[in-house]
Each structure stands twice: as C-alpha cells, then as structure tokens.
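Because only heavy atoms are used, hydrogens play no part in the values below, and waters and symmetry mates are left out as well, while side chains stay in.
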Number of protein chains: 2
Amino acid sequence: MKKPAPNLAPRKPDYEKALRKAGIRVTRPRKVILNILRETEDHPDALEIFRRAEQVDKSISLSTVYRTMKLLEEMGAIHRHAFEGGPSRFEQAGGDHHDHLIDIETGDVIEFRSDRIEQLQQEIARQLGYDIVHHRLELYGRRRRAE
Amino acid sequence: MKKPAPNLAPRKPDYEKALRKAGIRVTRPRKVILNILRETEDHPDALEIFRRAEQVDKSISLSTVYRTMKLLEEMGAIHRHAFEGGPSRFEQAGGDHHDHLIDIETGDVIEFRSDRIEQLQQEIARQLGYDIVHHRLELYGRRRRAE
DNA sequence: AATGCAATTGCAAATCGTTTGCAACTAAGA
DNA sequence: TCTTAGTTGCAAACGATTTGCAATTGCATT
C-alpha cells in the first residue's frame, strides 16, 4: 500500500481539519469551495466562486457559496474585501497582512505592504485616543502608460 | 437701504451659484439638501439627510435625496464614503483632504491627515507602475479605555 | 406677469448583492 | 445501519440604491 506523500504545500492550510475540529461539517459543497479558494491567486467575488464551483459540482447553489464565505470569514480562513462599487471579493487568509492597489481599468488587485504606513497608522490612532481593530487601505489607480 | 454683509463664512461654498452656472436648476429640494449639507459637521447617510430634510419640507422624497447626492458628488461638491457595513455617508467637499478613523462602537467619524502616509502611498504606487487616482484609508478602532 | 418646455419631482416598481425560511437531504458519531 | 443535528437548494425577503413615468416646476422667453 502506498503511503501518501506528506503535504508540504506552502500557503495552503488544511481548513478541512480545522472545520472538523470546530465541529463544523465538511460537506461536498464546502470541499469544492475550499479547493477553489486554496488554488486561486486572484480575488474572486461570490458569483465568480459560484461559477467555478459549478464546473466541479453542478448542484451547488449561490446561497451556499455566500453561506460558506461567511462561515470561513468568521473562522478567519478568508478575508472579505469590499472594494469600491463592486461586490465583496475574497482571498484566503494565512498570508501576511497586506493592503491593495486596485487597477480601476481592469479590476486587477495588486497586494502590497508598507510597515512604515502601518506604523504611522498606529501612531495616529494612538494620538486620537484609539486602538485600531482593523484598517483598510486601498489605492485606486491606473497603470502608468509607458510612452 | 441696508447693504448685505459680505459672506465671510469659511468652508461654506456657494453651490447654488455653481449649480446655476452649470445650467442645473436650483429647486426647492436641492436648496433644502444643500443647506443641510452646508451646516452639518458629521457624516450623515442618505436616510439621515432625508429625515433632516423632511423637517424643513415635508414633501421631499428619499429618491430625490439620492439623486441629489449623486449629482453633488459628480459636481465634486460632496464626498461619498462607503464605510464598512453601513450605507454611504456624505460630507461636503471643500475642506482639505483627510482620511477617517471610525469608532466601531459609536459609528463616530474622526478626520485625520498624514502627509507622510500620502507620500508613502505615492511612492508605493509609482514603484508598482501606477498613478493613484484616489485612495481610501480607514482606521476602524475603539476608544482606548482610560483606566 | 403669462408662456413654453425641458429639467426635476414623488411615487412605486425594479435592481443588485446578499441573507433567510423552510422542507428535503446528509455527514458523522453511536 | 441508525439517528439527528447540521446543511443544502430553492425561492422569497432584504436593505440600499436606482429607475420609469406621469405630474410638476424652474426659469429663459415673450
């Protein structure tokens, strides 16, 4: 009998295990959605996740996608981003914190990180007498034309 | 005959004049809404503006509030903020740029400004090959308990 | 001040993204 | 396999916002 190779994949935490441990059922739709999230590099919205899920399991419903996104968000397994205008878009959690630059022409999302900005935010909040619970920094821009 | 005192009021631009100049009618509902916006210090949402408008002119409708907010936004007379969760909230334009700290317990909005952060954002965008069209920086926090 | 008409209104219905009630289904422990 | 609470798909409900439409109203013209 062949022994399964140890899972060495980076940035692909085993949420199924976490779900079971939390007493939450690992159902067929959830597996499908989890797989999609695990493999995606971009920031799809619920409808896009639904479309991708359909290709794997025709019977999945959009409401289940929404319910699962909410569940995973509450578990901390994913992050929800409400970029300007459009619907919420999701991203698997687990990587380190970053902010987003949104290409206003294509909708593409570029992740970036600035410790300096994070630090300044802390200072500002402290001066105003607040503790930051979370924050949102989004840059909306267009690609500079290489002339 | 008494000469009217010159209007020295700060941060209270005359949008009615601007509207007329742009060939946009200065109607009763618009006047009412403009006055509310001109006087408010906070960041009310459409419904709140509607409620305040009702007290002046019982016949105003919520859709007109929405239509007017959109119009004013397009004119650059107000800014729309879609803070987490709730509906859009508005603020008269004209002051200088600032970002927001939202009290997650009360919904209060505190304005702040950091040239350093603005500058860092520019640098980041430039390095990524983008020009920033606009950005959104929101800190969500709770007041530090003075123990 | 009266006229003419496009801009604007209030209303109700429509829209969009998302959530929810409910009866049928199913994961997973006994 | 049995049991049952957790989940599902569906359709209807939802909250914020937008829209079609007929009635109204600024305001440029007489």
Side-chain angles (χ1 to χ4, degrees), chain A residues 15-36 43-75 77-90 107, chain B residues 15-36 43-75 77-90 107:
Chain A
Y15 291 120
E16 300 194 10
K17 184 172 293 179
L19 283 170
R20 283 210 180 75
K21 182 164 296 182
I24 292 168
R25 288 189 188 167
V26 178
T27 63
R28 178 122 181 64
R30 283 180 184 157
K31 278 184 197 160
V32 173
I33 293 170
L34 245 5
N35 279 335
I36 290 169
H43 298 67
D45 60 29
L47 191 54
E48 175 60 26
I49 292 168
F50 170 62
R51 291 210 188 91
R52 296 183 194 175
E54 272 187 311
Q55 290 169 226
V56 180
D57 178 347
K58 200 62 185 159
S59 78
I60 282 179
S61 78
L62 181 55
S63 22
T64 293
V65 173
Y66 276 112
R67 276 190 281 235
T68 303
M69 300 326 283
K70 174 169 285 193
L71 179 76
L72 295 176
E73 190 187 3
E74 282 161 2
M75 290 183 54
I78 62 172
H79 294 308
R80 171 192 301 261
H81 303 294
F83 298 136
E84 276 189 5
S88 292
R89 297 172 64 172
F90 305 91
Chain B
Y15 290 120
E16 299 194 12
K17 184 171 293 180
L19 283 169
R20 281 209 182 73
K21 183 164 296 183
I24 292 169
R25 289 187 187 169
V26 179
T27 62
R28 178 124 182 62
R30 282 178 185 159
K31 278 184 197 159
V32 173
I33 293 170
L34 245 4
N35 280 335
I36 290 169
H43 298 67
D45 59 30
L47 191 55
E48 175 60 25
I49 292 168
F50 170 63
R51 291 211 189 90
R52 296 183 194 174
E54 272 187 310
Q55 290 169 227
V56 180
D57 179 345
K58 199 63 184 158
S59 78
I60 283 179
S61 78
L62 182 54
S63 21
T64 292
V65 172
Y66 275 112
R67 275 190 281 236
T68 302
M69 300 325 284
K70 174 170 282 190
L71 178 76
L72 295 177
E73 189 186 4
E74 281 160 4
M75 291 183 54
I78 61 172
H79 293 308
R80 172 192 301 261
H81 303 294
F83 298 135
E84 278 189 3
S88 292
R89 297 171 65 173
F90 305 91

Taking the side chain as every heavy atom from C-beta outward, state whether A:Ile33 and A:Met69 have any atom pair closer than 4.5 Å. yes
Below 4.0 angstrom from OP1 or OP2 of C:dT19, is there any side-chain N or O of A:Lys70? yes
For the pair made of CD1 in A:Ile33 and P in D:dT7, what is the distance, rounded to whole Å? 13 Å
B:Lys70 and B:Tyr66, any side-chain heavy atoms less than 4.5 Å apart: no
What is the separation between atom CD on A:Glu84 and atom C1' on C:dG17, rounded to the nearest whole Å? 17 Å
How close or far is atom P of C:dG17 from atom CE of A:Met69, stated in whole angstroms? 16 Å
Per atom distances to the A:Thr64 side chain, the nearest of D:dT8, C:dT26, C:dT18 is D:dT8
In whole angstrom, what separates A:Asp57's CG from D:dT7's P? 17 Å
Tell me which nucleotide among C:dA27, D:dG9, C:dT18 gets nearest to the side chain of A:Ser61. D:dG9
Assess whether side-chain contact (heavy atoms from CB on, under 4.5 Å) is satisfied between B:Leu19 and B:Leu34, documenting all intermediate values. CA-CA 11 Å; B:Leu19 283 169; B:Leu34 245 4; 3.6 Å; yes
Can you measure A:Lys31 atom NZ to C:dA27 atom P for me and round it to whole angstrom units? 8 Å
Determine: side-chain N/O of A:Arg25 to OP1/OP2 of D:dA5, distance under 4.0 Å, yes or no. no
So, OP1 or OP2 of D:dT25: does either fall under 4.0 Å of a side-chain N or O from B:Arg28? no
Residue-phosphate contact under 4.0 Å: B:Ser63 side-chain N/O, C:dA12 OP1/OP2: no
Round to a whole Å and report the spacing from CD1 of B:Ile24 to C1' of D:dT25. 16 Å
Which is more 5' along DNA chain D, the nucleotide nearest B:Thr27 or the one nearest A:Thr27? Just name the residue. A:Thr27
Range-with-range stems for DNA chain D, at least three Watson-Crick or G-U pairs under 3.5 Å: C:1-30 with D:1-30
Shortest non-hydrogen contact from B:Ile60 to B:Phe50? O-CE1, 3.1 Å
Any carboxylate oxygen within less than 4.0 angstrom of a Lys/Arg side-chain nitrogen, looking at B:Glu48 and B:Arg52? yes
Contact under 4.0 Å: B:Arg67 side-chain N or O vs C:dT8 OP1/OP2: no
Hey, does the side chain of A:Arg89 reach the backbone of A:His43 with a donor-acceptor pair shorter than 3.5 angstrom? yes
For the residue pair A:Phe83 and A:His81, categorise the inter-ring angle as parallel (less than 30°), tilted (30 to 60°) or perpendicular (more than 60°). parallel
Length of the CD1-P vector between B:Ile49 and D:dT17, whole Å: 10 Å
Among the nucleotides C:dT18, D:dT8, C:dT9, which one has an atom lying closest to any side-chain atom of A:Tyr66? C:dT18
Taking for each residue the nucleotide of DNA chain D bearing the nearest heavy atom, is the 5' side occupied by B:Ala46 or by B:Arg20? B:Ala46
Does B:Ser88 make a side-chain N or O approach to OP1 or OP2 of D:dT17 shorter than 4.0 Å? yes
Rounded to the nearest Å, what distance is computed from the CD atom of residue B:Glu48 to the C1' atom of nucleotide D:dT17? 18 Å
Using a cut-off of less than 4.0 Å, is there contact between a side-chain N or O of B:Arg30 and OP1 or OP2 of C:dT9? yes
Can you see which heavy atom on B:Asp45 is nearest to which on B:Ser88, and at what distance? CB-O, 3.1 Å
Scan A:Ile60 against the nucleic acid and name what it touches under 4.0 Å (heavy atoms): base, sugar-phosphate only, or nothing. sugar-phosphate
